[in-house]
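The structure presented is a predicted model; accordingly, all values stated were derived computationally and were not measured. To find a chain, count down the sequence lines: A is the first, B the second, and so on, and within it residues start at 1.
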Protein chains: 4
Amino acid sequence: MRQKSPAQRNGDRGGNRRSPGRPRSEQARVAILRSALKLLGDNGFSDLTIESVAAHANVGKATVYRWWPNKAALIADAFASSTTRKLRFPDAGSVYTDMSQQMRQLIKIFRSRRGRIVSAILAAGQRDRDVIAAFRERFLKPRRQEAYETLRRGIARGELRSDVDMDLLLDSLYGPIYMRFLIRHDELTPEFVDRLCQLVLSGAREA
Amino acid sequence: MRQKSPAQRNGDRGGNRRSPGRPRSEQARVAILRSALKLLGDNGFSDLTIESVAAHANVGKATVYRWWPNKAALIADAFASSTTRKLRFPDAGSVYTDMSQQMRQLIKIFRSRRGRIVSAILAAGQRDRDVIAAFRERFLKPRRQEAYETLRRGIARGELRSDVDMDLLLDSLYGPIYMRFLIRHDELTPEFVDRLCQLVLSGAREA
Amino acid sequence: MRQKSPAQRNGDRGGNRRSPGRPRSEQARVAILRSALKLLGDNGFSDLTIESVAAHANVGKATVYRWWPNKAALIADAFASSTTRKLRFPDAGSVYTDMSQQMRQLIKIFRSRRGRIVSAILAAGQRDRDVIAAFRERFLKPRRQEAYETLRRGIARGELRSDVDMDLLLDSLYGPIYMRFLIRHDELTPEFVDRLCQLVLSGAREA
Amino acid sequence: MRQKSPAQRNGDRGGNRRSPGRPRSEQARVAILRSALKLLGDNGFSDLTIESVAAHANVGKATVYRWWPNKAALIADAFASSTTRKLRFPDAGSVYTDMSQQMRQLIKIFRSRRGRIVSAILAAGQRDRDVIAAFRERFLKPRRQEAYETLRRGIARGELRSDVDMDLLLDSLYGPIYMRFLIRHDELTPEFVDRLCQLVLSGAREA
DNA sequence: CAATAATCGAGACGGTACGTCACGTCTTCTT
DNA sequence: AAGAAGACGTGACGTACCGTCTCGATTATTG
């Protein structure tokens, strides 16, 4: 978790006793996260100042600092709280269709305005390990759990070798997408996704 | 070129006549680039301020600004000027050995102190297209040219399909490395490289 | 009074009927005033924040604000509640001995830790007329009443002119002390007090 | 001196060699001091924020902090740089007329808008010894030097005892003025000044 | 004895000014 | 002309208090 939890702050005496004092304003919390995302999408990382977030959210600067130790933590939390629902894996009968379908949705997001947010997160993550960790835990892992299921179905159907290294396979599928997304040396098209799936999955087929 | 050339600055009167006045100090130029690289490697992007570079290089701030329009340009130039050796592709008789050999050298660099510089470049590149372009032109493309050769030899030897999409293949090989390098969700080991090569190359073999 | 009285707050329904609700905590009141004085004496005016007073007194900030409208009022009240003993005027037979005796006690206080409080009050009073008024009413005037008596005895004894301007005389005696106390251009010694008394009182003698 | 001198900052290599770098902007210096005085006179000490001074002077906040360590030093310097010329001592033939003349000018200043500045200085001086020291050195002492002359003329003329303690005498004359100015328990009128002079000087007359 | 009411401690809230830092520009003298 | 030095206006940083507010808990009077 990026935010300092009330439990952390109060020592967490075990019982469910509410800590004394005015409770945290949920309204402020949401407004801050929304503003952070909006400004990140609008103007990129460099225009995202804590001051602008606070102003945009009609919130005191101190309220931001009370709950997030730095800009990176705020961004990570904002991103995590907005994790997209559109990245579900279908179950259409073959590993190829299931994976390529989801990967097409992913590049759609990467190429949209949300993509700016993702690249800002990954950039910030190179300086701050907490940010990249938040990205992994909140974004990457949940989807990977679903991907495992898709692959397992493929193994059961005999489409993939039963001893396939699932993490290696998934990195081989998604790595090229992330690479093109970040280095921008080539296009991220649906056709690229299809041929990528063919290439990698054919290498993981039953002998 | 990232640096403003003297010709640009002086209007380039055509002849090879040196412009009048004190010539640019090569010593200062080198000191600045070195300092930029050092600070990048030491403390990452956030500690690389123009002020610190100038101080570390015993140079006036204005001298930095005279030759590089912004921090991104400086970083890109500094990185470009530090062309990495050791990333040659061998010619050992098979695509698999040639590629895995080179990829092992790459992850060695990524895991060293130089890796900090690379990740800082890629992070800075998300905000500044000139930086990422410099990375592509100075680092990625030269190596890819050599990689094409390696792959062509493999095609000639019948190890790879003759109609293989070389860019797709290379992204499939390097993408997973970049992904693990930047997201750090799994290790970058020689074994990983080997299995990655096996998986991807087996998908590109002659039918 | 500096404090908002309960009567004010409750509309004062006439009878001596106690208003309902939890009565004001005398313990909190005292703790707040004590803390204010302590912090004033320790570190002067600038370290006296309402926040620090509340923390030091183990009291909610709102409890301070409930009873004192601002910092100046609190300081004034705290000072007033600390009625200084030891400043009695003796009756030893001559104006000179009576006055110099008391003035020696005064400079003793000015040179002690209590002096910091007095100078903080006088400093605060330059910004807030209520503070300086409190100083006058609670500290200056009561003593001046006693001083009048001392002077009247002197007149009766023929030591002073019968038409002497007592306020002028007292200001001439105490003014130099306050001046040296605040501007610190010279020492506040018992000898200074003695010579001051001699000088001023000799000017007020019967012709 | 309140300002950090260039000599201090550069180590003062002895020669009159100008230190390198852009020289300090005299225009900024003057604008800052003027603004400080203006704001002090307008709204008193509490409305004098460094931020408002900088804004009013069209100057960066950092420029203020570069040359003055804190608000008190700034005020002291501003006050010192504006020391009034109107407090000359006349030479009219008697100590009484010379002194009362000058003291009348003093209370005129104390009762004017400049008085706010003086009381703000004295208040600030209670917290910061540098401020009160600046007041002494820049304001009090120069006038006292002139006052000594006036008194010496009086001694020469036989109006004052030849062994009179001049500092004691001057404190007895000015102390009551400062006291009434700061505590405001009584009026500062020309008549008060006259009677004060009569009282004190008569105590210092030749026996 | 319950209901009502005001106070208490705690602590979060929207603000404002703090003093620092780096930005990119400028003005000086020196090379 | 370029260099080092360093001051300039600008603006965000993260902190400290301001004075206000909402909590649950406590302690009185009133019905």
To the nearest Å, give me how far apart CH2 (A:Trp67) and P (E:dG14) are.
12 Å
Assert: residue with more 5' nearest nucleotide on DNA chain E, out of C:Asn58 and D:Ile50, is C:Asn58
Distance, rounded to the nearest Å, where C:Leu48 contributes CG and F:dA16 contributes P
18 Å
With a 4.5 Å heavy-atom cut-off, do D:Leu48 and D:Val53 have their side chains touching?
yes
Assuming nearest nucleotide by heavy-atom distance, tell me which of A:Val59 and A:Glu51 is located more 5' along DNA chain E.
A:Val59
Whether the side chain of D:Thr63 engages the backbone of D:Val59 through a donor-acceptor N/O pair (distance < 3.5 Å, no angle test) should be reported.
no
Below the 4.0 Å mark, does E:dG19 have OP1 or OP2 next to a side-chain nitrogen or oxygen of D:Trp68?
no
Is the Lys NZ or Arg CZ of D:Arg29 less than 6.0 Å from the centre of D:Trp67's six-membered ring, within 45° of the axis?
no
Given the rule in the side-chain contact (heavy atoms from CB on, under 4.5 Å) test, do C:Asp128 and C:Asn70 qualify, once you have shown the distances and angles that lead to the verdict?
CA-CA 10 Å; C:Asp128 189 310; C:Asn70 52 55; 4.2 Å; yes
Could you tell me how far apart D:Tyr65 (OH) and F:dC8 (C1') are, to the nearest whole angstrom?
17 Å
When the distance from CZ of B:Arg29 to P of F:dG3 is rounded to whole Å, what number comes out?
12 Å
Between P of E:dT20 and CG of D:Asn70, the distance in whole Å:
10 Å
Determine whether any donor atom in the side chain of C:Lys61 lies under 3.5 Å from an acceptor atom in the base of F:dG19, or the reverse, and answer yes or no.
yes
Whether the side chain of A:Arg22 and the base of F:dT22 hold a donor-acceptor pair under 3.5 Å is what I'd like checked.
no
Residue C:Ala28, side-chain heavy atoms: nucleotide from E:dG19, F:dA7, E:dG9 that is nearest:
E:dG9
Whole-Å distance separating the CZ atom of C:Arg66 from the P atom of F:dT20:
12 Å
Nucleotide of E:dC26, E:dC18, F:dC18 approaching B:Ala62 most closely (side-chain heavy atoms)
E:dC26
Is there a side-chain polar atom (N or O) of B:Thr63 under 4.0 Å from OP1 or OP2 of F:dA4?
yes
Side-chain contact test, heavy atoms from C-beta onward, threshold under 4.5 Å: evaluate it for B:Gln126 versus A:Leu122 and give yes or no.
no
Would you kindly give the CD1-to-C1' distance between B:Ile32 and F:dA2, to the nearest whole Å?
12 Å
Between P on E:dT31 and CD on B:Gln27, what's the gap in Å once rounded to a whole number?
15 Å
